[in-house]
Amino acid sequence: MPLPMDKKDVVVIGGGPAGLGAALSLEALGLQVTVIDPAPLHALENPSFDGREIALTHHTVALMQSMGVWDRIRPEDISVIQEARVENGDENDPLTFDTKGKDEEALGYLVPNCAIRKSLFEEAHSREGITILPEQSCEDLACFVDYVTVQIKGEKFTAKLAVLADGRFSKTRDHLGIGYHLHDFHRHMMVTRLEHELPHHGIALQWFDKGQTIALLPLNGNMSSIVLSLPPDEMNKVRSLDQDAFTADISQRLQNRLGKVKSVSSRHVYPLKTVFSNRFETRHTALVGDTAIGMHPITAHGFNFAMTAQEILAQEVEAGIERGEEIGAAKQLRRYERRLRQKTFAMFTITNTIATLYTREEKGLWLLRQAGMRAANLLKPLKDKVVDQLIDKKRRLSSSSIDTK
């Protein structure tokens, strides 16, 4: 595939979900978009299972529908969350969120990360205005007043806008000198799938137990994704267990909540670190996805924020074009920066605070968070606001538009 040496409208650095989402939204404005990614073509076309199940809000699903991405996801890969529950140890007073009285069947939806990646790639690959260059890394990015230059394997081309989507530890962001706030929780997260004897009733559970944090995400049938968070040393012991020993260990940790369980997928372990970039833009360059904001998974905002970021970016670029500005002009990117920060900073801070508070073991904190959960459970207006944000009444989807099994 020849390298594009002429001037492009947009270059996206990173062909993951955030980068491909941005490419699709910007191409829809009539722009020519080039996406570069170091992965080989077969890995982009058929991404492997990585354990992660992505929780999607109604707003995110609506965005994916508008892109033509949602219909590419197999119905059996879409699971419904009907209720979310937060528990603290063995206390029998959970904080619950559901859609009762909201005229909605689902609080949100779960889709495997690999299925999202595959559907986004398929749609992007089908667009005439998008060129995808696999096995290509950005060797140098230089930002100027009116354009950027991108170097790939000794070749260089120019673009009006660069979109950085190469992960929370982006080398391109570091090269541009954009700093970030890093929070290391000193925990590792294991994700895998379990078959279980008892039904989950569509309940997503976040359970803060002593010495561990467990999330159970309801998949289709009697199957759940388990997200287990432990200190690194203990996680190393768990990940090294053989299949029978791992099943026994997980059964004990779950305290028979789902009856007999069986591990039915590979296990994947990730460090729990969050990132919030000091800037989301510089000259003719915008940061999206984890490159801008790498969230803790506890509140399931990561991919939803990535979709929000690319949506805002496309809106501001479109508004700038209508004003007669060059693509990626300073006014567009400053407005993008401001809007995205307003949308995300508070939730990023709250999420980090919750994740820190609920993983510390001091007795006083244990009692404090239990009291806080009881109080929150009694505040129906607060709970209703959280649910309304998830189902997003302004962009409500009819149940017929979501095909699940």
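Worth knowing before you read on, the calculation uses all heavy atoms, side chains too, and leaves out hydrogens, waters and symmetry mates.
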- Please assess Leu26 against Val317 for the test side-chain contact (heavy atoms from CB on, under 4.5 Å), listing each intermediate value before the final yes or no. CA-CA 8 Å; Leu26 292 168; Val317 170; 4.2 Å; yes

- Query: Which distance, rounded to the nearest 0.5 Å, do you find between the CD of Gln65 and the CG of Asp71?
  - Reply: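 One gets 7.0 Å once the value is rounded to the nearest 0.5 Å.
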
- Flag, side chain of Ser170 to backbone of Gly167, donor-acceptor distance under 3.5 Å: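 Between the backbone of Gly167 and the side chain of Ser170 there is no qualifying donor-acceptor contact (under 3.5 Å).
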
- Query: Which distance, rounded to the nearest 0.5 Å, do you find between the SG of Cys138 and the NE2 of His175?
  - Reply: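 The SG atom of Cys138 sits 7.0 Å away from the NE2 atom of His175.
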
- For the side chain of Thr192 and the backbone of Ser266, is there at least one donor-acceptor N/O pair under 3.5 Å apart?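 Flag set: sc Thr192 to bb Ser266 pair under 3.5 Å.
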
- Task: State whether the side chain of Asp209 and the backbone N or O of Gln212 hold a donor-acceptor pair below 3.5 Å, judged by distance alone.
- Result: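 Side chain of Asp209 to backbone of Gln212: no pair is present.
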
- Item | Heavy-atom closest pair, residues Arg173 and Phe169 |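 So the two residues come closest at NH2-CA, 3.7 Å.
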
- Query: Does Gln206 reach the side chain of Thr213, with side-chain heavy atoms less than 4.5 Å apart?
  - Reply: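 Yes, their side chains come closer than 4.5 Å.
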
- Do Val148 and Arg283 pass the side-chain contact (heavy atoms from CB on, under 4.5 Å) test, and can you show the C-alpha distance, the side-chain angles, and the key distance before you say yes or no? CA-CA 8 Å; Val148 298; Arg283 288 180 174 179; over 6 Å; no

- Heavy atoms, side chains only, cut-off 4.5 Å: are Arg187 and Met189 in contact?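 Not in contact.
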
- Message: With a 4.5 Å cut-off on side-chain heavy atoms, are Leu110 and Ser225 touching?
- Response: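 No; the side chains remain at least 4.5 Å from each other.
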
- Query: Under 4.0 Å between a Lys/Arg side-chain N and an Asp/Glu carboxylate O for Lys343 and Glu311?
  - Reply: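 No, this pair does not count.
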
- Leu333 vs Leu313 side-chain heavy atoms within contact, under 4.5 Å: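 Side chain of Leu333 against side chain of Leu313, heavy atoms only: contact under 4.5 Å found.
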
- Taking every non-hydrogen atom, the tightest pair across Arg127 and Met67: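 Answer, listing the atom of Arg127 first, then Met67: NH2-O, 3.0 Å.
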
- Query: For Tyr270, is the NZ or CZ atom of Arg52 found under 6.0 angstrom from the centre of its six-membered ring and inside 45 degrees of the ring axis?
  - Reply: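 Judged by the rule, Arg52 and Tyr270 form a cation-pi pair.
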
- Query: Hey, what do you get for CD1 (Ile152) to CD1 (Ile36), rounding to the nearest 0.5 Å?
  - Reply: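 Reported value, rounded in 0.5 Å steps: 4.0 Å.
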
- Do Phe144 and Thr149 have side-chain heavy atoms sitting under 4.5 Å apart?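 Contact flag for Phe144/Thr149 side chains = yes.
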
- Do any N or O atoms from the side chain of His188 and from the backbone of Leu230 form a donor-acceptor pair under 3.5 angstrom?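 Flag not set: sc His188 to bb Leu230 has no pair under 3.5 Å.
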
- Query: Are any of the side-chain heavy atoms of Val163 and Val33 separated by less than 4.5 Å?
  - Reply: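 When only atoms from C-beta onward are counted, Val33 and Val163 do not touch, as no gap falls below 4.5 Å.
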
- Item | Taking every non-hydrogen atom, the tightest pair across His58 and Ala106 |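 Of all heavy-atom pairs spanning His58 and Ala106, the closest is NE2-O, 3.0 Å.
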
- Side-chain contact, heavy-atom cut-off 4.5 Å: His200 with Leu216?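 A side-chain contact under 4.5 Å is absent here.
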
- Under 6.0 Å from the CZ atom of Phe345, do we count more than 12 heavy atoms belonging to anything else shown?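 Counting neighbours around CZ of Phe345, 12 or fewer heavy atoms of other residues, nucleotides or ligands fall under 6.0 Å, so no.
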
- Locate the shortest heavy-atom distance separating Arg72 from Ser126; write the atom from each residue and the value.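 Between these two residues, the closest heavy atoms are NH2-OG, 3.6 Å.
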
- Message: Nearest 0.5 Å, please: how far is CD1 in Ile130 from CG in Leu31?
- Response: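 So the gap between those two atoms works out to 10.5 Å.
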
- Message: Let me confirm one number: the OG1-CD distance from Thr34 to Gln136, rounded to the nearest 0.5 Å.
- Response: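 Reported to 0.5 Å precision, the distance equals 11.0 Å.
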
- Can you establish whether the number of heavy atoms outside Glu128 located under 6.0 Å from its atom CD is more than 12?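 No, CD of Glu128 has 12 or fewer neighbouring heavy atoms, counting only those of other groups under 6.0 Å.
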
- Item | Heavy-atom pair with the smallest gap, counting every atom of Ser277 and Arg341 |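 Minimum heavy-atom separation between Ser277 and Arg341: O-NH2, 3.8 Å.
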
- Query: Would you say the side-chain atoms of Arg168 pair up with the backbone N or O of Lys273, donor to acceptor, closer than 3.5 Å?
  - Reply: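 Side chain of Arg168 to backbone of Lys273: a pair is present.
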
- Message: I'd like to know if the side chain of Asp9 and the backbone of Lys160 have a donor-acceptor N/O pair within less than 3.5 Å.
- Response: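 Such a contact is absent between Asp9 side chain and Lys160 backbone.
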
- Task: Assess the pair His296 and Phe348: is the distance between their ring centroids shorter than 6.0 Å?
- Result: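 Not under 6.0 Å, so no.
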
- Message: Taking Leu340's backbone N and O only, do any of them form a donor-acceptor pair with Thr308's side chain (distance below 3.5 Å, no angle check)?
- Response: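 Checked: no pair found.
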
- Could you go through the side-chain contact (heavy atoms from CB on, under 4.5 Å) check for Met64 and Ile73 one step at a time? CA-CA 10 Å; Met64 295 172 71; Ile73 299 175; 3.8 Å; yes

- Counting distance only, does the side-chain N/O of Asp140 pair as donor-acceptor with the main-chain N or O of Gln151 below 3.5 Å?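 Checking the backbone N and O of Gln151 against the side chain of Asp140, no donor-acceptor pair under 3.5 Å is found.
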
- Hey, could you give me the CG/CG distance between Leu44 and Leu20, rounded to the nearest 0.5 Å?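 The CG atom of Leu44 sits 7.5 Å away from the CG atom of Leu20.
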
- Message: Keeping Ser79 on the side-chain end and Asn220 on the backbone end, is there a donor-acceptor pair under 3.5 Å?
- Response: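 It does hold such a pair.
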
- Taking all heavy atoms of Pro134 and all of Ala39, pick out the closest pair and write down the distance.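 Result for this residue pair: CB-O, 3.4 Å.
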
- Task: Run the numbers on Phe121 and Val35 for side-chain contact (heavy atoms from CB on, under 4.5 Å), then give the verdict.
- Result: CA-CA 11 Å; Phe121 178 85; Val35 180; over 6 Å; no

- Can you check whether Lys118 reaches Asn46 side chain to side chain, under 4.5 Å on heavy atoms?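 The answer is yes, as the side chains (C-beta and beyond) meet within the 4.5 Å cut-off.
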
- Query: Does atom NE2 of His125 have more than 12 heavy-atom neighbours from other groups under 6.0 Å away?
  - Reply: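 12 or below, so no.
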
- Message: Salt bridge check, Asp249 against Arg253: does any charged N sit closer than 4.0 Å to a carboxylate O?
- Response: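 Here Arg253 pairs with Asp249 in a salt bridge, since their nearest N and O are under 4.0 Å apart.
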
- Can you tell me if Gln332 uses its side chain to pair, donor with acceptor, with the backbone of Glu326 under 3.5 Å?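 Confirmed, Gln332 side chain pairs with Glu326 backbone.
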
